[in-house]
Amino acid sequence: MLGTNDITIVLFDLGILLGFSRLLGEIARRYRQPMVVGEILAGIILGPTILGSFAPEIQHLLFPMRQNTLTALEGLTTVAVVLLLLVAGIEINLSSVWKQGRIAALVSVLGILAPFGLGFSAAQIWPGFLGLEPGADHLTFALFFGTALSISALPVIAKILMDMNLIKSDMGVLLVASAALNDLVGWIVFSIVLSLMGAGAVHGHSPHQTILFTIIFTVIMLTVIRMAFHKILPWLERKTVWPGGILSFVFAFTMIGAAATQWLGIHAVFGAFLVGVAIGDSEHLTERTKDVIYQFAMNIFAPLFFAFIGLRIDFAANFNFLLITIVIVLACVGKILGCTAGARWGGLPLKESLAVGFGMNARGAMEIILGLLALEYGVIHENLFVAFVLMAIVTTMISGPIMERLIREKKPLKLKHLVKASGFDGNLESTTRIDVLRELSYLAGKETGLDPELIFKSAWDREQIMGTALGGGIAVPHARMIEITSPVVIVGRSEKGIDFNAIDGEPAQIILMLLTPARDQSAQLQILADVATTFRNPEIRMAAFHAHDYESFMQAITSSPTDKNK
């Protein structure tokens with residue numbers, strides 16, 4: 001039982017950890033680095049690595065780590081991990097994965113097999129050097145090591161794409177779909193590895209029973225429960241207050257799912273992950289609601305979890321430069337080569353394939369969680385856990401800049417150079433997303449000489465894979481057409497706005513239909529990035545919303561500060 005002094009310490013420690021980790025996370029973000037870098041650094045500074053080394057009395061005074069307080073903090077970090085895996089699962093859209101088809105499967109499968117093969121082989125050859133804990137099973141360690149190198153971090157990849165204004169591009173959709181399939185397969189495999197670690201033995205389950213439970217639970221969650229969520233969510237939307245009703249339901253079921261898999265001997269995180277997949281795949285869970293869940297988990301619980309890692313591990317004492325270098329090299333070589341080969345096999349040019357490879361290389365929180373579980377089950381030593389943490393940080397930091405360098409052109413295409421008077425409609429009559437696509441497709445047909453129905457089908461099929469709302473009243477439905485040789489932009493303006501399921505819930509008043517040549521991946525990336533940059537300015541957006549004619553619209557978009565400086 002927590003006494004008054006224990007409660008005081010727990011609350012004080014939570015306040016210090018959350019405040020300091022959030023501060024360093026924001027500083028990292030300002031320097032275009034993932035916030036997780038600052039959050040982990042906060043724990044390293046406050047923990048035994050720095051404060052414990054230079055001022056141990058102060059460190060023990062701030063974080064005495066008594067049994068009661070330690071149990072309370074560990075309980076909160078367990079909830080944090082569960083919510084992080086919920087967010088990772090929600091990001092997975094199974095429909096998008098199936099619609100991407102062959103190329104997503106190739107990128108994902110080769111992106112699993114290549115790093116798994118390297119990791120498994122290395123662990124078989126150098127188990128002691130790589131951090132096998134004395135007494136732990138050699139095969140289990142090798143399976144863990146290979147699996148840990150294979151899993152990407154879908155939430156981190158999605159965030160990198162958002163920062164690059166590429167989340168709605170075809171490359172963005174491919175990366176998200178590939179990472180989704182990668183994570184789904186990877187976590188299922190890791191749940192089986194957990195059973196081999198002896199997780200199920202706590203409840204009297206043999207490894208074979210735990211593996212069987214894993215398969216049965218996965219099938220039920222992705223079929224029966226997934227369909228049930230699809231039916232329940234519209235009822236919750238109608239009968240409860242947004243967002244409280246849906247949030248309560250999602251979090252309640254997440255805890256139940258996590259408890260179920262913990263009892264089965266798989267681990268709580270796997271249950272939370274599958275609940276996220278089952279709920280997130282429903283079209284009735286809006287982007288706006290997903291964002292509320294994401295903000296709650298990532299801004300409150302994630303900083304506490306990452307800071308607590310630095311608080312419990314001495315990074316200096318467990319720092320092994322050679323081991324860290326080998327882990328990073330194995331992780332990068334396996335993932336980048338595997339995913340690049342998959343993209344090339346799927347038909348992408350070399351530069352775009354390399355961009356996919358580096359994009360999929362971002363590991364983020366997933367590797368840290370995997371390493372922490374292996375550490376808790378006594379499979380790995382703390383020096384390997386430190387190597388996994390640093391590998392996750394390094395791969396996350398390098399993914400975005402290298403992707404940007406690979407796809408950047410010396411003379412990028414600009415929106416202002418592509419909009420024509422004949423492709424502008426300042427008074428759209430449509431009121432729904434499907435109708436406005438038909439209306440803009442008719443205008444695009446007149447502009448290109450193509451069959452409007454062909455354009456509509458291509459744009460609508462793409463819209464169903466991933467929505468194209470950018471937020472702020474802007475949507476960019478797009479399609480890649482083999483019949484054209486240069487990009488075409490059709491602009492429509494809606495007075496009342498049209499629901500494109502934007503993350504901010506705002507209806508789209510400016511809809512830009514983008515058609516690009518099927519074989520030119522970079523054209524779409526350049527234009528989408530320029531659209532996002534142009535309309536980031538609220539004054540430009542408002543001017544565009546009030547532009548009833550072509551001249552007014554062009555005046556609005558060419559008044560961008562970024563253009564004036566060029």
Side-chain angles (χ1 to χ4, degrees), residues 161-173 404 407-428 436-437 439-441 443-444 446-448 455 458-459 462-463 467-481 484-494 497-498 500 502 506 508-518 520-566:
L161 291 168
M162 288 177 190
D163 291 343
M164 295 175 64
N165 300 317
L166 298 179
I167 188 67
K168 302 298 183 179
S169 69
D170 286 351
M171 178 177 286
V173 173
E404 197 167 22
I407 64 178
R408 185 175 57 199
E409 298 289 336
K410 293 182 179 180
K411 294 182 179 180
L413 294 168
K414 294 288 185 179
L415 174 65
K416 64 180 182 179
H417 298 146
L418 297 171
V419 180
K420 299 180 180 179
S422 54
F424 180 87
D425 187 343
N427 189 25
L428 292 171
V436 78
L437 288 183
E439 191 173 348
L440 292 176
S441 295
L443 194 58
K446 291 174 61 178
E447 188 71 22
T448 62
I455 297 174
S458 182
R462 173 61 179 76
E463 189 73 25
T468 53
L470 298 184
I474 309 295
V476 192
H478 45 269
R480 297 177 68 184
M481 314 289 295
I484 62 176
T485 56
S486 58
V488 175
V489 176
I490 305 297
V491 181
R493 172 188 168 276
S494 172
I498 297 166
F500 267 76
E506 294 293 323
Q509 290 185 263
I510 296 294
I511 301 97
L512 302 102
M513 175 174 276
L514 171 61
L515 308 180
T516 56
D520 188 353
Q521 177 81 23
S522 63
Q524 186 189 76
L525 300 176
Q526 294 171 53
I527 300 168
L528 282 172
D530 186 56
V531 168
T533 301
T534 299
F535 288 103
R536 187 178 296 146
N537 188 312
E539 294 180 2
I540 293 175
R541 287 202 307 272
M542 291 305 299
F545 293 161
H546 292 93
H548 293 268
D549 54 60
Y550 171 74
E551 288 75 15
S552 300
F553 179 79
M554 292 302 296
Q555 184 177 358
I557 65 172
T558 54
S559 65
S560 167
T562 57
D563 287 325
K564 287 181 179 180
N565 295 331
K566 295 179 180 178

Minimum heavy-atom separation for Pro487 and Thr516, please, with both atom names. CB-CG2, 4.3 Å
Indicate yes or no: at least one non-hydrogen side-chain atom of Asp425 is less than 4.5 angstrom from one of Ile490. no
So, Asp530 versus Thr533: side-chain donor-acceptor pair below 3.5 Å or not? no
Taking the side chain as C-beta and beyond, is there a heavy-atom pair between Val476 and Phe500 under 4.5 Å? no
Which pair of heavy atoms, one from Glu506 and one from Gly473, lies closest together, and at what distance? CB-N, 4.3 Å
Would you say Val419 and Met554 make side-chain contact, with heavy atoms under 4.5 Å? yes
Can a donor-acceptor pair be found, under 3.5 Å and without considering hydrogens, that links the side chain of Ser552 to the backbone of His548? no
Expected output: side-chain Gln526 to main-chain Leu413 donor-acceptor under 3.5 Å: yes
With sequence neighbours excluded, what pairs up with Glu463 under the salt bridge (Lys or Arg N to Asp or Glu O under 4.0 Å) test? Arg433
Just how far is it from atom CZ of Phe545 to atom CZ of Arg493, taken to the nearest 0.5 Å? 10.0 Å
Before you tell me yes or no, could you show the steps for Ser458 and Arg480 under side chain to side chain contact (heavy atoms under 4.5 Å, CB included), namely the whole-Å CA-CA distance, both residues' side-chain angles and the distance that decides it to 0.1 Å? CA-CA 8 Å; Ser458 182; Arg480 297 177 68 184; over 6 Å; no
Is there a side-chain contact between Glu447 and Leu443 (heavy atoms, below 4.5 Å)? no
To the nearest 0.5 Å, tell me how far Gln555 CD sits from Asp549 CG. 9.5 Å
If you measure from CG on Leu470 to CZ on Arg536, what distance do you get to the nearest 0.5 Å? 10.5 Å
Not counting sequence neighbours, which residues clear side chain to side chain contact (heavy atoms under 4.5 Å, CB included) with Ile484? List them please. Leu450, Met481, Leu515, Pro517
Could you check whether any side-chain heavy atom of Val488 comes within less than 4.5 Å of a side-chain heavy atom of Leu418, counting everything from C-beta outward? no
Starting from the C-alpha separation in whole Å, work towards a yes-or-no answer on side chain to side chain contact (heavy atoms under 4.5 Å, CB included) for Met513 and His478. CA-CA 5 Å; Met513 175 174 276; His478 45 269; over 6 Å; no
Using side-chain heavy atoms (C-beta onward) and a distance below 4.5 Å, is Val491 in contact with Ile511? no
Run the side chain to side chain contact (heavy atoms under 4.5 Å, CB included) test on Arg462 and Val173 for me, step by step, so that the C-alpha distance in whole Å, both residues' side-chain angles and the decisive distance to 0.1 Å come before the verdict. CA-CA 10 Å; Arg462 173 61 179 76; Val173 173; 3.0 Å; yes
Within this structure, what is the CG-CD distance for the pair Leu525 and Glu404, rounded to the nearest 0.5 Å? 11.5 Å
Walk me through whether Ile557 and Phe535 qualify under side chain to side chain contact (heavy atoms under 4.5 Å, CB included). CA-CA 8 Å; Ile557 65 172; Phe535 288 103; 3.8 Å; yes
From the options Leu415, Val489, Leu514, select the one residue that forms a side-chain contact (heavy atoms from CB on, under 4.5 Å) with Val531. Leu415
For a quick test of reading the model, state the closest non-hydrogen atom pair linking Leu437 to Pro477 and the distance between them. CD2-CB, 3.4 Å
Minimum heavy-atom distance Gly497-Ser494, with the two atoms named: N-OG, 3.0 Å
Describe, in one word, how the ring planes of Tyr550 and Phe424 are oriented to each other, choosing from parallel (under 30°), tilted (30 to 60°) and perpendicular (over 60°). perpendicular
